[in-house]
Asker: 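Please find one structure pasted underneath; my questions will follow.
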Number of protein chains: 2
Amino acid sequence: MATTRSARAQRLENVALELFASQGFDETTVDELAVAGGVGRRTFFRYFPTKLDVVLGELDDGLAALVGALADQPGDDPVAAARAAFLAINHYAAAELPALRRRLGLIEDVPELAARATVRYRDWESALAADAAGRWGDDAGSLRAQVFGRAVVASMRAVFSAWHARPEADADALGALVEEAFDALSRGFASP
Amino acid sequence: MATTRSARAQRLENVALELFASQGFDETTVDELAVAGGVGRRTFFRYFPTKLDVVLGELDDGLAALVGALADQPGDDPVAAARAAFLAINHYAAAELPALRRRLGLIEDVPELAARATVRYRDWESALAADAAGRWGDDAGSLRAQVFGRAVVASMRAVFSAWHARPEADADALGALVEEAFDALSRGFASP
DNA sequence: CGGTAAGCGGCACTCGGTGCCACCGCCAGA
DNA sequence: TCTGGCGGTGGCACCGAGTGCCGCTTACCG
């Protein structure tokens, strides 16, 4: 339970991302992944419920981190709490950035992956909405809180997309984009 | 080209939604849909590239309508323009509401459909971002415009979700929710 | 009336995903 | 040491979505 994932799954994942990068996601069959990972096809599906999950798997860890980080934030301003939580989550070591880039690239331009990813984000949206409703004193289903939750996640997608579009952006640039997005959300989009 | 869809496709679609409602989306095979529509399986796939498209097909029409409505809006305030555009688009006749409800229900709770729908919404996001960048005088890739586009679509999803959750909400209620969501986006989420 | 093109649909195939089951290695307990 | 679970493995057969191919009908046009 302390081990987030077995060593074998890790190996499988690395080999798979390698193949996806070299020949494309759709062009790589599960059979190839299994063979390349030295494992039976059936076993592959025990580690990853779906071919998509090889790429998306870690998003769930991200959700857990988000929930935890949100809970750590004080105050009654959901924007400030969400901003701090996302900044806290998105601390990547320089060594992790290439892998992050590859993942984001896949998610960005394989429609199937983009689709599945946004479904995963639903839980993020709910978590943010619930947190905001709590801080505002709204009831759980409040439209404002729902809009907030979804808008925040949408903004973070925009941030990742913008960051990924700049080939040499580093971890600090990511933080700056997060700040910028939250500024916009906080201030609103009305013309002055 | 004037005819948005052939009569046969329309029949196919009605029969399919009927079956989805009565026995569920996943539990209905394309074979059944073809048989029920009095058409060959192969032909079914000529009308709908995917089983999902039976439910989602009309979203593309919605995009065209959105783009048109946005172009009709004057002024340099993207929020006002988007608000007016969405209000213009979402005029449903009372007779259409039950069908809309069924569609939304399916999209809401069949994950596969929710996933595919959000991919379709990418084009909406882009259209809104481009429009906003134009009105603000930002360049096309501006983060603020990207965030705006995505936040608007996210809000509209929240609106449809909220509307669908209230069984007896009518067309006016939908408009009111749209207003409320845009108010929040316009004002921003900062605490006073 | 003959020819041609477009829509139709059957057939066979690929690929992702699942249920079933046999097998292997490990660890208890007698 | 033998024996009986038990978890992980992976082969096999199957299902459903989606696609390419090809032969057929039908309707339109010279």
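Values in this document were obtained by computation on a predicted structure and should not be read as measured data. Each chain gets a letter, A, B and so on, in the order its sequence line appears, and its residues count up from 1.
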Asker: In whole angstroms, how far is the C1' atom of dG17(C) from the CG atom of D31(A)?
Answerer: 12 Å
Asker: To the nearest Å, how far apart are R42(B) CZ and dC21(D) C1'?
Answerer: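 Those two atoms, CZ and C1', are 9 Å apart.
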Asker: Please set out all donor-acceptor pairs under 3.5 angstrom arising from side-chain atoms of residues 154-162 of chain A, sequence neighbours excluded.
Answerer:
{"unit_1": "S155(A)", "atom_1": "OG", "unit_2": "A151(A)", "atom_2": "O", "d": "2.7"}
{"unit_1": "R157(A)", "atom_1": "NH2", "unit_2": "E125(B)", "atom_2": "OE2", "d": "2.8"}
{"unit_1": "S161(A)", "atom_1": "OG", "unit_2": "E108(A)", "atom_2": "OE2", "d": "3.0"}

Asker: Between R120(B) and D53(B), does a salt bridge (Lys or Arg N to Asp or Glu O under 4.0 Å) hold up when you go through it step by step?
Answerer: CA-CA 11 Å; R120(B) 303 294 187 86; D53(B) 286 276; 2.3 Å; yes
Asker: F20(B) CZ to dA17(D) C1': how many Å, rounded?
Answerer: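 For the pair F20(B) CZ and dA17(D) C1', the rounded distance is 12 Å.
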Asker: Looking at Q73(A) and A84(A), what are the two nearest heavy atoms and their distance?
Answerer: OE1-CB, 3.3 Å
Asker: Grab the CD-P distance between E27(A) and dC15(C) for me, whole Å please.
Answerer: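 Result: 11 Å.
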Asker: Between P on dG18(D) and NZ on K51(B), what's the gap in Å once rounded to a whole number?
Answerer: 8 Å
Asker: So, is Y47(B) close to the dG7(C) phosphate, meaning a side-chain N or O under 4.0 Å from OP1 or OP2?
Answerer: no
Asker: How close do L87(A) and E179(A) get, counting heavy atoms only, and between which atoms?
Answerer: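 That would be CD1-OE2, 3.2 Å.
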Asker: Are OP1 or OP2 of dC8(C) and a side-chain N or O of R8(B) less than 4.0 angstrom apart?
Answerer: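 Affirmative; the distance criterion is met.
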Asker: Just checking, K51(B) and F25(B): is the charged tip under 6.0 Å from the six-membered ring centre and within 45° of the axis?
Answerer: yes
Asker: Could you tell me whether F44(A) contacts a base, only the sugar-phosphate backbone, or nothing, with contacts defined as non-hydrogen atoms closer than 4.0 Å?
Answerer: nothing
Asker: Report the distance from atom CZ of R41(A) to atom P of dC14(D), rounded to the nearest whole Å.
Answerer: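 These atoms are roughly 15 Å apart.
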Asker: Have a look at T43(B) and say if it touches a base, only the backbone sugar-phosphate, or nothing, with a 4.0 Å heavy-atom cut-off.
Answerer: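 The residue T43(B) makes base contact.
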Asker: When the distance from CD of E112(B) to C1' of dG16(C) is rounded to whole Å, what number comes out?
Answerer: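 In whole Å, dG16(C) C1' lies 11 Å from E112(B) CD.
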Asker: Quickly work out the L33(A) CG to dC15(C) P distance and round it to whole Å.
Answerer: 12 Å
Asker: Using heavy atoms to find the nearest nucleotide of DNA chain C for T29(A) and R46(A) separately, return the residue whose nucleotide is more 5′.
Answerer: T29(A)
Asker: Can you check whether T50(A) has a side-chain N or O nearer than 4.0 Å to OP1 or OP2 of dG17(C)?
Answerer: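 T50(A) to dG17(C) OP1/OP2: side-chain N or O found under 4.0 Å.
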